[in-house]
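Reviewing the structure listed below.
Order of listing sets the numbers, starting from 1, for every ligand and every atom in it. Worth knowing before you read on, the calculation uses all heavy atoms, side chains too, and leaves out hydrogens, waters and symmetry mates.
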Amino acid sequence: MRVVVIGAAGYVGGELLRLLVQHPEVTDLEATSRSQAGKTLGEVHPALARVGSARFSGESPAEASRGADVVFLSLEHGESSKLMGDIVDAGPGLVIDLAADFRIHDGRLHERYYGAHPAAALVHRFRYGLADVAGTALRGATAIAAPGCFATATQLALYPLRNAPLVSEPAAVGITGSSGAGVHPKPTTHHPARAHNVFAYSVLGHRHEAEVAEQWRAWSGRADAVPRLLTHSGPFVRGIYLTLHAHLSEPAGQAVIEQAAADYRDRPFVRLVGSPPELTHVVGSNDALVYLTTSPDRREVVVISAIDNLVKGAGGQAVQAMNLALGLPETAGLGGLAAYPI
Ligand SMILES: NC(=O)c1ccc[n+]([C@@H]2O[C@H](COP(=O)([O-])OP(=O)(O)OC[C@H]3O[C@@H](n4cnc5c(N)ncnc54)[C@H](OP(=O)(O)O)[C@@H]3O)[C@@H](O)[C@H]2O)c1
């Protein structure tokens with residue numbers, strides 16, 4: 001299978017390469033970069049030094065996509081919209097975009113969080129790739145928008161609540177590591193600003209709320225519902241830890257816990273755990289740890305999720321979606337265990 005990663009010099013691109021070089025069906029892997037063309041993969045991503053002398057290509061995204069079975073795009077927000085028309089015209093079998101450009105089908109919702117869409121006519125081609133919920137429904141997809149990292153952690157916690165008698169929309173509080181902000185340093189991601197520090201950002205308006213809201217509306221049947229996502233930066237590199245709290249109008253907490261057990265029973269990467277998870281138990285793996293509990297009166301539910309933002313929240317989930325779309329074993333290439341302690 002010939003697979004291309006466009007924008008492979010970034011953190012998500014590096015993670016895709018790390019997983020794809022270990023994937024049993026990937027025989028031909030091309031990595032493109034504007035800034036790193038000609039360098040070996042290991043010069044840019046040191047963890048890949050052992051995989052040989054393969055080099056970044058400077059081919060244009062459209063050239064690289066011609067004849068490819070699968071094309072991944074891991075570009076800064078907005079770049080995929082500029083390139084997607086040419087990539088689609090090049091006719092690859094499957095396109096998976098890791099950016100937010102094609103995640104939201106509701107134009108008004110997209111506009112509220114991201115502004116006017118520069119390639120709105122292409123959005124309908126994309127299926128939302130929340131792999132652990134969509135499962136085999138992704139089979140046959142030719143274009144997939146991989147969910148955001150915070151959006152993934154939020155939705156895996158929210159999904160079991162979709163039929164619950166809620167007093168109000170749930171709110172989730174999450175904290176992310178610095179790799180969520182990409183490879184290029186910024187004032188808020190610089191080590192002295194992040195180490196030994198915690199701060200909230202995008203309060204009452206984080207962009208991932210848009211995709212969470214769109215999926216939640218479809219699951220719950222409540223138009224206009226917006227679950228709140230309150231995001232924080234934490235003093236670590238990888239991972240998202242998220243706690244969701246909901247009030248119920250009836251004592252239905254145990255039913256939510258049972259719903260989660262049914263939803264995730266056969267899902268290979270979601271593990272329901274009996275006590276609050278720890279972030280380091282997932283780092284490096286495609287696992288999502290989910291913990292649910294309810295108050296003694298069964299009118300409150302807390303759901304906690306822990307994921308690696310670059311694996312389950314990006315490259316790993318995208319490879320899982322590829323496997324599902326192509327009818328490959330869902331876990332192919334994704335067997336890596338978490339590295340603990342880290
Ligand atoms: N980091 C995360 O935890 C995470 C999780 C889920 C989703 N995402 C999403 O995934 C995307 C990538 O994130 P990231 O953290 O990997 O960002 P990043 O580290 O900043 O990397 C983005 C890469 O895109 C490349 N690029 C941009 N425009 C290009 C173009 N026109 N042609 C070719 N390459 C281009 C750049 O490579 P060159 O220097 O070679 O141009 C850059 O290295 C973003 O949209 C992000 O929102 C990130």
Side-chain angles (χ1 to χ4, degrees), residues 4-19 30-39 41 43-45 55-65 71-87 96-104 113-114 118-119 128-131 144-155 174-186 188-189 202 206-208 210-212 231 233-234 236-242 279 282-284 286 288 307-321:
V4 178
V5 178
I6 295 172
Y11 283 155
V12 170
E15 202 63 17
L16 283 165
L17 296 177
R18 182 176 77 86
L19 297 167
E30 178 175 343
T32 82
S33 166
R34 292 177 306 187
S35 63
Q36 308 295 340
K39 290 192 185 162
L41 302 188
E43 282 176 280
V44 176
H45 300 299
R55 290 177 187 277
F56 282 90
S57 125
E59 270 195 310
S60 76
E63 282 166 358
S65 302
V71 174
F72 292 91
L73 291 91
S74 47
L75 310 174
E76 288 111 344
H77 177 68
E79 291 298 314
S80 307
S81 295
K82 295 180 201 159
L83 303 172
M84 197 57 79
D86 289 343
I87 290 172
I96 302 183
D97 186 32
L98 279 289
D101 299 44
F102 299 103
R103 292 179 192 154
I104 300 151
Y113 283 86
Y114 293 94
Y128 189 69
L130 186 66
I144 292 173
C149 46
F150 260 124
T152 298
T154 308
Q155 289 172 91
I175 183 163
T176 183
S178 53
S179 63
V183 74
H184 300 295
K186 305 175 188 76
T188 51
T189 59
S202 301
H206 192 281
R207 285 176 156 189
H208 287 186
E211 62 193 272
V212 171
T231 51
S233 291
F236 47 90
V237 175
R238 276 182 187 246
I240 290 182
Y241 194 89
L242 180 132
L279 192 58
V282 292
V283 169
N286 194 45
I307 63 168
D308 182 322
N309 59 299
L310 290 176
V311 190
K312 171 56 69 192
Q317 175 158 236
V319 170
Q320 188 182 347

* Structure fact -> If you scan protein heavy atoms around atom 7 (C) of ligand 1, the nearest is L98 O, 3.5 Å

* Could you list which atoms of ligand 1 come closer than 4.0 Å to a heavy atom of H77? => 45 (O)

* Protein residue, atom and distance nearest to atom 3 (O) of ligand 1, heavy-atom basis -> N309 ND2, 2.8 Å

* **Atoms of ligand 1, numbered as shown, that sit under 4.0 Å from any heavy atom of S74** => 12 (C), 22 (C), 23 (C), 24 (O)

* Asked: In ligand 1, which numbered atoms sit nearer than 4.0 Å to a non-hydrogen atom of A99?
  -> 45 (O)

* To do: Run the salt-bridge test on R238 and E15 with the 4.0 Å N-O cut-off and return the result as yes or no.
  => yes

* For A131, side chain to side chain contact (heavy atoms under 4.5 Å, CB included) partners two or more places apart -> Q317, Q320, L324

* Asked: Within the side chain of R55, is there an N or O that forms a donor-acceptor pair under 3.5 Å with the backbone of Q36?
  -> no

* To do: Pull out every atom of ligand 1 sitting under 4.0 Å from any heavy atom of Y11, numbered as shown with elements.
  => 16 (O), 19 (O)

* S81 and D101 side chains, donor-acceptor separation under 3.5 Å -> yes

* Structure fact -> atom 21 (O) of ligand 1: closest protein heavy atom, distance to 0.1 Å, is G10 CA, 3.3 Å

* Search all heavy atoms of Y114 against all heavy atoms of I104 and return the closest pair with its distance. => CE1-CD1, 3.6 Å

* With distance as the sole test, does Q155 use its side chain to make a donor-acceptor pair with the main-chain N or O of A151 at under 3.5 Å? -> yes

* When only distance counts, is S179 in polar contact with ligand 1, meaning an N/O pair under 3.5 Å? -> yes

* To do: Please answer whether the main-chain N or O of A145 pairs with a side-chain N or O of D97 as donor and acceptor at a distance below 3.5 Å.
  => no

* Structure fact -> atom 41 (O) of ligand 1 sits nearest the protein heavy atom R34 NE, 2.7 Å

* Structure fact -> Candidates A64, A31, G182, S35; heavy atom nearest atom 15 (O) of ligand 1 found on G182

* **Check: I240 main-chain N/O paired with N309 side-chain donor or acceptor under 3.5 Å** => no

* Structure fact -> The atoms of ligand 1 lying under 4.0 Å from a heavy atom of L310, numbered in the order shown, are 1 (N), 2 (C), 3 (O)

* **Heavy-atom nearest option to atom 11 (C) of ligand 1, drawn from L75, V183, V5** => L75

* Asked: For ligand 1, which atoms sit closer than 4.0 Å to a heavy atom of A314?
  -> 5 (C), 6 (C)

* Quick one: do V71 and I96 satisfy side-chain contact (heavy atoms from CB on, under 4.5 Å)? Show the steps, please. => CA-CA 6 Å; V71 174; I96 302 183; over 6 Å; no

* Considering heavy atoms of the protein only, find what lies nearest to atom 31 (N) of ligand 1 and give residue, atom and distance to 0.1 Å. => E79 OE1, 3.3 Å

* Asked: Do H206 and Y113 have ring centres separated by under 6.0 Å?
  -> no

* Asked: Which class fits the ring pair F56 and H45: parallel under 30°, tilted 30 to 60°, perpendicular over 60°?
  -> tilted

* Asked: Of all heavy-atom pairs between I175 and S233, which one has the smallest distance, and what is that distance?
  -> CG1-C, 4.0 Å

* Does ligand 1 have an atom that lies less than 4.0 angstrom from a heavy atom of G313? -> yes

* **Those atoms of ligand 1 less than 4.0 Å from some heavy atom in S33** => 38 (P), 40 (O)

* G180 neighbourhood, listing ligand 1 atoms whose heavy-atom distance to it stays under 4.0 Å -> 1 (N), 2 (C), 3 (O)

* Asked: What protein heavy atom sits nearest atom 27 (C) of ligand 1, and how far away is it?
  -> E76 OE1, 2.6 Å

* Is the closest protein non-hydrogen atom to atom 46 (C) of ligand 1 under 4.0 Å? -> no

* To do: Distance to 0.1 Å, residue and atom name: give those for the protein heavy atom nearest to atom 13 (O) of ligand 1.
  => V12 CG2, 3.6 Å

* Asked: Where do Y11 and S179 come nearest, in terms of heavy atoms and distance?
  -> CD1-O, 3.6 Å

* To do: Do me a favour and list the nearest non-hydrogen protein atom to atom 37 (O) of ligand 1 with residue, atom name and distance?
  => A9 CB, 4.3 Å

